[in-house]
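Taking it in order: structure first as structure tokens, then the write-up.
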Amino acid sequence: MGIVLESTVLIAAERAGQNPRGVIENMLARMGDTEATLSVITVVELAHGIQRANSAARQVARERFLNELLNEISVEPVTIPIALRAGKLDGNLEDKGVRIALGDLLIGATALEIGYSVVTNNVRHFQMIPDLVVRHL
């Protein structure tokens, strides 16, 4: 099984000064998986963080991290099957009174659609998605 890396794990790595290649290799080794990918939604979240940086130096460092990351890993688009799955998940969860941010639903639906697990520091949200394998570092 492969892994979808979620933004909270990548943000923590960037803040710790880790390089993207090392982050990916370390996660694959620790998780025992052979492939890693990102959802395009994670790219959106990381780009958002670049713009929200509190200094020009921080903005440059975050942008460099994202660019290096994108050179090291594939990115899964939001396809129609992923969008349909996310919409159905959202409807089913809302019927039960559970609300999950759209971005997290799309990342979770991406992982489900491609048969991967999600690696996140935001276990609380992702564990509410039925059948999703959620892994915490």
Side-chain angles (χ1 to χ4, degrees):
M1 180 182 283
I3 55 176
V4 175
L5 303 178
E6 190 266 334
S7 61
T8 57
V9 171
L10 296 166
I11 290 166
E14 185 273 329
R15 287 180 178 165
Q18 298 174 344
N19 93 17
R21 176 178 284 174
V23 170
I24 295 165
E25 289 173 353
N26 181 40
M27 285 191 207
L28 289 173
R30 287 180 66 189
M31 300 290 166
D33 289 294
T34 59
E35 294 184 35
T37 192
L38 303 177
S39 165
V40 71
I41 302 305
T42 298
V43 177
V44 171
E45 292 171 346
L46 295 174
H48 174 90
I50 291 168
Q51 293 310 119
R52 298 286 314 221
N54 59 5
S55 72
R58 193 81 178 125
Q59 190 172 35
V60 167
R62 287 179 179 177
E63 190 158 14
R64 182 176 43 250
F65 183 88
L66 179 56
N67 288 333
E68 289 175 12
L69 180 67
L70 293 174
N71 284 324
E72 296 295 331
I73 195 166
S74 65
V75 177
E76 294 291 324
V78 174
T79 61
I80 291 173
I82 290 169
L84 291 170
R85 186 180 283 236
K88 290 175 182 178
L89 284 168
D90 193 34
N92 289 334
L93 290 168
E94 195 169 310
D95 282 346
K96 298 173 185 170
V98 176
R99 293 290 303 151
I100 300 175
L102 179 60
D104 291 347
L105 276 169
L106 287 165
I107 293 167
T110 298
L112 286 168
E113 195 65 29
I114 64 174
Y116 282 18
S117 61
V118 170
V119 177
T120 182
N121 288 330
N122 182 8
V123 173
R124 187 175 61 89
H125 281 173
F126 287 97
Q127 70 185 6
M128 290 187 280
I129 299 174
D131 303 319
L132 180 63
V133 177
V134 181
R135 298 159 89 180
H136 186 267
L137 286 180

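Put simply, the side chain of S7 does not reach to within 4.5 Å of the side chain of V44, judged on heavy atoms.
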Task: Candidate pair I114 and V4, rule side-chain contact (heavy atoms from CB on, under 4.5 Å), full reasoning - done: CA-CA 9 Å; I114 64 174; V4 175; 4.1 Å; yes

Open item on the list: What verdict does the side-chain contact (heavy atoms from CB on, under 4.5 Å) test give for I107 and T120, after you've listed the backbone C-alpha separation in whole Å, the side-chain angles of each residue and the deciding distance to 0.1 Å?
Closed with: CA-CA 11 Å; I107 293 167; T120 182; over 6 Å; no

Task: CA sep, side-chain torsions, deciding dist, call: N67, E63, side-chain contact (heavy atoms from CB on, under 4.5 Å) - done: CA-CA 6 Å; N67 288 333; E63 190 158 14; 3.8 Å; yes

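Taking CG of L105 as the reference point, atom NZ of K88 lies at 14.5 Å (rounded to 0.5 Å). The CD atom of E113 sits 11.5 Å away from atom CD1 of I80, with the distance rounded to the nearest 0.5 Å. To the nearest 0.5 Å, atom CG of residue N122 and atom NE2 of residue H136 are 9.0 Å apart. Rounding to the nearest 0.5 angstrom, the gap separating the NE2 atom in H125 from the OG1 atom in T8 is 11.0 Å. Rounding to the nearest 0.5 Å places CD of E25 at 8.0 Å from CG of N19.
Taking hydrophobic clusters as Ile, Leu, Val, Met, Phe, Trp and Tyr residues chained together by side-chain heavy-atom distances below 4.5 Å, L102 shares a cluster with I41. There is no path of hydrophobic side-chain contacts, each under 4.5 Å, that joins L69 to V60. L66 and V75 fall within a single hydrophobic cluster, where Ile, Leu, Val, Met, Phe, Trp and Tyr are joined by side-chain heavy atoms under 4.5 Å apart, directly or via other members. Under the 4.5 Å side-chain heavy-atom criterion for grouping Ile, Leu, Val, Met, Phe, Trp and Tyr, V119 is connected to L70 within one hydrophobic cluster. Hydrophobic clustering (side-chain heavy atoms under 4.5 Å, transitive across Ile, Leu, Val, Met, Phe, Trp, Tyr) groups I100 together with V123.
Sequence neighbours left out, not one pair with a member in residues 38-48 passes salt bridge (Lys or Arg N to Asp or Glu O under 4.0 Å).
Other residues, nucleotides and ligands contribute at most 12 non-hydrogen atoms within 6.0 Å of the CG atom of D131.
Judged as a side-chain contact (heavy atoms from CB on, under 4.5 Å), and not counting sequence neighbours, the contacts of E35 are Y116.
The closest donor-acceptor contact from the side chain of R135 to the backbone of M31 lies under 3.5 Å. The main-chain N or O of S74 is found under 3.5 Å from a side-chain atom of T37 such that the two form a donor-acceptor pair.
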Got a list of side-chain donor-acceptor pairs under 3.5 Å for residues 48-58, not counting sequence neighbours?
residue	atom	partner	partner atom	Å
S55	OG	R58	N	3.0
R58	NH1	E14	OE2	3.2
R58	NH2	E14	OE1	3.4

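Heavy atoms only, all atoms of each residue included: G108 and I129 are closest at CA-CD1, 4.0 Å. Taking each heavy atom of F126 and D104 in turn, the nearest pair found is CE2-O, 3.3 Å. Between I82 and P77, the shortest heavy-atom contact is CD1-O, 3.4 Å. Minimum interatomic distance between A12 and N121 (heavy atoms only, all atoms of both residues): CB-ND2, 4.0 Å. Considering every non-hydrogen atom in both A109 and R85, the closest pair reads O-CD, 3.8 Å. In terms of heavy atoms, S39 sits closest to T110 at OG-OG1, 4.0 Å.
The side-chain contact (heavy atoms from CB on, under 4.5 Å) test with I73 is passed by exactly one of V23, L10, T42, I24: I24.
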